[in-house]
Number of protein chains: 2
Amino acid sequence: MTDRLLPSSKALTIATEVRRRIVDREWRQGDRIPDEAALAVEFGVARATVNKALQLLADEGLLDRKRRAGTHVTINPARKATFTIPIVREQIEAAGMVYSHRVVAQKIRPAPAEIAARMGEPEGAAMIHLRTVHFGDAKPFQLEDRWINPRAAPGVEAVDFQRNNPNEWLVRNYPWLRGQLAFSAENADARDARLLETRQGTALLILQRTTWNDLGAITSVRLAFHPGYCMVAIP
Amino acid sequence: MTDRLLPSSKALTIATEVRRRIVDREWRQGDRIPDEAALAVEFGVARATVNKALQLLADEGLLDRKRRAGTHVTINPARKATFTIPIVREQIEAAGMVYSHRVVAQKIRPAPAEIAARMGEPEGAAMIHLRTVHFGDAKPFQLEDRWINPRAAPGVEAVDFQRNNPNEWLVRNYPWLRGQLAFSAENADARDARLLETRQGTALLILQRTTWNDLGAITSVRLAFHPGYCMVAIP
DNA sequence: TAGTGGTCTAGACCACATC
DNA sequence: ATGTGGTCTAGACCACTAC
């Protein structure tokens, strides 16, 4: 009854088995489980292998591990979900549509207070402001409102963003060290509605992202997805 | 200039240094980096330690690793973000507010087609349907519309959800093996608006989640957050 | 077919927190 | 004080795949 596709490594096999014992309630929430040495004997592997398996489950949030106290099944497992930060072009092409984009505005402007604060840069710093619509099969898919800090991304002033997707250019040329990312929902304003070809007031999924490298904030962007868009994560 | 807080382990130190080389463009997108053996010599550690560091960066999406082909800096790094699946009570209490909840509806009902399909259960299967409002300082924070499958969570019929927060009870008693999770935005309908004390049409962030264990789908829930709510992730 | 990463082992030492 | 996990090492064998 417990047979499934076998994970390909010993560590994964052990992780799967331990997960099963937890899900099947052989080991209950709060229980202390056998220590690494004991499990190593039980499974006939080295302790390092058990350690790898249990660290995996601890990362998933299923186990709490502490030196000396041992390993316990998490009582209130606030588990984690991961999602891949989407690249519009790939998203659209993966859906079998033809990708295109149009830059509807590009200007060098002083950063407004809100953006400057979010990026940790002085208010009024000169930045590139871009508004881009991304299309799938000529239907608006995503609206991008981006500020780029030339001091953290030298050379960016010379880029032709009609040819180069701004996100792809940045990510390829200026990898980031640290980022922040938030989801929210907003009612479409007049401009959102016009560019996304929908009605004002429609609920839009908003993804707000800011990234930094050694030199400071690279870029801060607000992505508004077309109505009905759904972003899936993998817990 | 590159001095930062030192990571506490050799593997993390190496990961940090390799990340720095990528961010500082010593190693460019698409470049092949030295193999594990070479880096082990350079850093004066065992190959296993380098392996651990590089696997970490590969998980982050910064490196592509293939046997025989070596390790390359990812060309178009679609990096990952993780967020902790929130537990309402903790969220509210962490914000310094007083948590409370009210079950506004609880019934055993046949699963409607959409829910059954999402859960992979037969249409019309008897399930518990719950509607709960979660409050922070008596202000509506989150609206929960949940279906629970008693066949995957035996004993659930007897639980008093006025006393036990449904999510906490389930998560403590029936850990899940597999889950699905999606974000979207919806305009508040009449009921959403009434329960969240807002206006109809307001944009709401929606989190839709379904979880499974060995016995089948445990629960499927739609969480609607109060207007303006923002969910933060850690890339 | 040979070079690369993936994984495992046996052993070791250490840090930490509980007992 | 002592038992637990955290980490590292040196060595080994294997799987994959680019050459």
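The figures here come from the full heavy-atom set of this structure, side chains too, leaving out hydrogens, waters and symmetry mates. Letters A, B, ... are given to chains in the order of the sequence lines, protein chains preceding strands, and every chain is numbered from 1. This structure is a prediction, so every number in the text was calculated from the model and none was measured.
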Please output the side-chain donor-acceptor pairs of residues 47-54 of chain A that fall under 3.5 Å, not counting sequence neighbours, one pair per line with the distance.
{"residue": "A:R47", "atom": "NH1", "partner": "A:E36", "partner atom": "OE1", "Å": "2.5"}
{"residue": "A:N51", "atom": "OD1", "partner": "A:Q55", "partner atom": "NE2", "Å": "3.0"}
{"residue": "A:N51", "atom": "ND2", "partner": "A:E36", "partner atom": "OE2", "Å": "2.8"}

Parallel under 30°, tilted from 30 to 60°, perpendicular over 60°: which one fits the rings of B:W169 and B:F161? perpendicular
Evaluate the ring planes of B:F225 and B:Y229, with Trp represented by its six-membered ring, and classify them as parallel (under 30°), tilted (30 to 60°) or perpendicular (over 60°). parallel
OP1, OP2 of [N] versus side-chain N and O of [X]: anything below 4.0 Å?
X     : N     : result
A:N51 : D:dG6 : yes
B:S9  : D:dG6 : no
A:T49 : C:dT9 : yes

For the helix from C:dT1-D:dA18 to C:dT18-D:dA1, what angle lies between the axis at the first five pairs and the axis at the last five pairs, to 10 degrees? 10°
Which protein N or O atoms sit under 3.5 Å from an N or O of nucleotides 10-13 of chain D?
{"residue": "D:dA12", "atom": "N6", "partner": "B:R47", "partner atom": "NH2", "Å": "3.0"}

Can you list, by residue number, the residues of residues 52-74 of chain A that have a non-hydrogen atom closer than 4.0 angstrom to DNA chain D? A:Q55, A:R65, A:K66, A:R67, A:R68, A:G70, A:T71
Within 45° cone of A:W176 ring axis and under 6.0 Å: B:R79 NZ or CZ: yes
For A:H134, which of A:E144, A:R102, A:H101 qualifies under side chain to side chain donor-acceptor pair (under 3.5 Å)? A:E144
Are any non-hydrogen side-chain atoms of A:E121 and A:R151 less than 4.5 angstrom apart? yes
Whole-Å distance between [N] [atom2] and [X] [atom1]?
X     : N     : atom1 : atom2 : value
A:E36 : D:dG5 : CD    : P     : 5 Å
B:I14 : D:dT7 : CD1   : P     : 13 Å
A:L39 : C:dT9 : CG    : P     : 14 Å

Under the ring pair (Phe, Tyr, Trp, His ring centres under 6.0 Å) definition, can you give me all pairs with a residue in residues 60-98 of chain B, not counting sequence neighbours? A:F83-B:F83, B:F83-B:F183
Let's go through B:T219 and B:R146 carefully: what are the C-alpha distance in whole Å and the side-chain angles of both, what is the deciding distance for side chain to side chain donor-acceptor pair (under 3.5 Å) to 0.1 Å, and is it a yes or a no? CA-CA 7 Å; B:T219 187; B:R146 183 184 292 275; 3.1 Å; yes
Can you tell me if A:N213 uses its side chain to pair, donor with acceptor, with the backbone of B:V23 under 3.5 Å? no
What distance separates A:R68 CZ from A:D35 CG, expressed to the nearest 0.5 Å? 11.5 Å
Have a look at B:A37 and say if it touches a base, only the backbone sugar-phosphate, or nothing, with a 4.0 Å heavy-atom cut-off. nothing
What residues form a ring pair (Phe, Tyr, Trp, His ring centres under 6.0 Å) with B:F135, not counting sequence neighbours? none
